[in-house]
Amino acid sequence: MRAAVCPQYGPPGVVRIGDQPSPAVAAGQVRVRVAAAAVNFPDVLLIAGQYQVTVPVPFVPGSEFSGMIVETGSETTDFAIGDRVTGTGMFGAFAEEVTVDPAGLARIPDGVDDRTAAAFGVAYRTAYHTLRSVARVQSGDQVVVLGAGGGVGLAAVQLATQLGASVAAVASSDEKLDAAASYGARHLINHRSGALRDLLRKALPGGADAVVDPVGGDLSEPALRSLRRGGRFVTVGFASGDIPRIPLNLVLVKGVHVLGFQFQDVPADEFARNEDELRALLVSGAVRPHIGAVYPLAETVRALEHVAEGRAIGKILIDLT
């Protein structure tokens, strides 16, 4: 099979395309013929050897994919050959085939194409669980979304709007803000046009009810300052590469809540509810992922650079058909 391989840690340019043996299928596993794979910022960090965990080189990067099951191992009961699935894992998706445990798979609903399925999974699940079960967003809330042009950020814009919230989208370019506006953002804030604290105060003079932050860095503190008393600040990730240090006196004085999102922290009943609601939004067409660019496997390096350089709008895909 053809695959992208990281032979050593470094920038995206270290990745090479070549022939690899198809991964073996162990008991309880399945082999998926990959149709499309999504590029996420953690893929860049894994290749650089800078993620929270390391994967020994050489390895095939890629953590999110869609495709069809072509082989099942013994003791596999939940899925069958021919099932269309989307899945996640730490690595292995930037290849014509990937072997995974069924726990990381979900069936693709009828009527949903492979690219949509690959682009929807991680970003939209992260955003929806964050909004529903951590930020506790309600209809009429004022919600600030940082990194509103990226995968999780743009998903949060769409989904918060679906929940009836008014969204203030914060991004680094007018092009990204145009995308956020097309998915329902009411306030558009280019943080490179001035001090974010002042820009948010002007846009939301009464303060925000919630902030969703997948970016970190120097945007986090002014966004937290934009909260009204009792507001919720949810940290989702650090796409800027910089983990912020928040003065705790702000939390004390403003009476706000600073929270972190992890899938495993969502109560089981809420998790099931959120997943059902999100699937219904996808099937109905009420929400569709924004696919900013699609690259062939041969141009995996370009796809990774697109994400690493902060140029991505929505999701960046690799087509393996």
Side-chain angles (χ1 to χ4, degrees), residues 30-40 62-72 76-89 92-98 100-133 150-164 179-185 263 266 270-297 303 312-321:
V30 300
R31 185 198 311 278
V32 177
R33 181 184 297 122
V34 179
V39 184
N40 297 300
S63 56
E64 185 176 16
F65 61 90
S66 65
M68 180 180 292
I69 294 176
V70 294
E71 182 180 355
T72 60
T76 301
T77 59
D78 294 335
F79 293 92
I81 292 173
D83 285 347
R84 295 177 64 238
V85 294
T86 183
T88 59
F94 297 167
E96 292 176 332
E97 295 182 338
V98 61
V100 294
D101 293 328
L105 295 177
R107 287 180 176 82
I108 299 173
D110 292 341
V112 177
D113 63 84
D114 291 324
R115 289 185 179 183
T116 296
F120 194 79
V122 171
Y124 282 77
R125 293 178 68 230
T126 297
Y128 200 67
H129 286 290
T130 294
L131 292 165
R132 284 287 269 138
S133 291
V152 172
L154 197 51
V157 170
Q158 295 184 57
L159 293 169
T161 300
Q162 285 290 323
L163 291 170
S182 73
Y183 291 107
F263 281 109
V266 178
E270 293 188 21
F271 190 93
R273 176 204 66 191
N274 297 349
E275 291 286 308
D276 288 344
E277 291 176 353
L278 187 58
R279 188 179 183 89
L281 288 170
L282 173 63
V283 171
S284 70
V287 172
R288 277 286 187 268
H290 183 96
I291 298 173
V294 180
Y295 293 87
L297 179 64
I313 298 177
K315 297 292 289 188
I316 305 303
L317 300 184
I318 296 174
D319 189 339
L320 290 114
T321 58

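Numbers here simply count residues along the sequence, with the first being 1.
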Subject >> Full working for side chain to side chain contact (heavy atoms under 4.5 Å, CB included) between V85 and I69 >> reply: CA-CA 7 Å; V85 294; I69 294 176; 4.0 Å; yes
Original post:
Under 4.5 Å between any side-chain heavy atoms of R115 and V294, yes or no?
Top reply: yes
Original post:
Which heavy-atom pair separates A156 from A127 by the least distance, and what is that distance?
Top reply: N-CB, 3.7 Å
Subject >> Whether S284 side chain and L281 backbone form a donor-acceptor pair below 3.5 Å >> reply: yes
Original post:
For the residue pair L154 and Y183, what are the closest heavy atoms and their distance?
Top reply: CD1-CD1, 3.9 Å
Original post:
Side-chain contact, heavy-atom cut-off 4.5 Å: I318 with L320?
Top reply: yes
Subject >> Side chain proximity check, V100 to F65, heavy atoms < 4.5 angstrom >> reply: yes
Original post:
Looking at side-chain heavy atoms only, is the closest gap between F120 and T86 below 4.5 Å?
Top reply: no
Subject >> Heavy-atom closest pair, residues T72 and F79 >> reply: CG2-O, 4.0 Å
Original post:
Quick one: does D319's side chain get under 4.5 Å of L297's, heavy atoms only?
Top reply: no
**OP:** List the steps, then state whether side chain to side chain contact (heavy atoms under 4.5 Å, CB included) holds for I108 with S66.
**Re:** CA-CA 8 Å; I108 299 173; S66 65; 4.0 Å; yes
**OP:** Could you tell me which non-hydrogen atom of S63 sits nearest to which non-hydrogen atom of A93, and how far apart they are?
**Re:** N-CB, 3.9 Å
Subject >> Pairwise side-chain contact, T130 with T126, heavy-atom cut-off 4.5 Å (strictly under) >> reply: yes
Original post:
Hey, is the main chain of V112 close enough, under 3.5 Å, to the side chain of T116 for a donor-acceptor pair?
Top reply: no
**OP:** Would you list the pairs meeting salt bridge (Lys or Arg N to Asp or Glu O under 4.0 Å) in which at least one residue belongs to residues 281-296, sequence neighbours left out?
**Re:** none
Subject >> Which atom of A179 lies closest to which atom of H290, heavy atoms considered >> reply: CB-CE1, 4.5 Å
**OP:** Identify whether the distance between the nearest side-chain nitrogen and carboxylate oxygen of R125 and E64 falls below 4.0 Å.
**Re:** no
Original post:
Looking at D114 and R84, does any basic side-chain N land under 4.0 Å from a carboxylate oxygen?
Top reply: yes
**OP:** Answer yes or no: is there a side-chain heavy-atom contact under 4.5 Å between L159 and R132?
**Re:** no
**OP:** List the steps, then state whether side chain to side chain contact (heavy atoms under 4.5 Å, CB included) holds for R273 with E277.
**Re:** CA-CA 6 Å; R273 176 204 66 191; E277 291 176 353; 3.5 Å; yes
Subject >> NZ/NE/NH1/NH2 to OD/OE distance under 4.0 Å, E97 and R31 >> reply: yes
Original post:
Taking only residues two or more places apart in sequence or in another chain, which ones pass ring-ring contact (aromatic ring centres under 6.0 Å, His included) with F263?
Top reply: H129, F261
Subject >> Heavy-atom closest contact (V266 atom, S133 atom, distance) >> reply: CG1-OG, 3.7 Å
**OP:** State, without any angle test, whether E275 and Y128 hold a side-chain donor-acceptor pair at a distance under 3.5 Å.
**Re:** no
**OP:** Answer whether the closest heavy-atom distance between the side chains of D83 and M68 falls below 4.5 Å.
**Re:** no
**OP:** Starting from the C-alpha separation in whole Å, work towards a yes-or-no answer on side chain to side chain contact (heavy atoms under 4.5 Å, CB included) for Y124 and L282.
**Re:** CA-CA 10 Å; Y124 282 77; L282 173 63; over 6 Å; no
Subject >> Sidechain-backbone polar pair: D101 side chain, A103 backbone, donor-acceptor under 3.5 Å >> reply: no
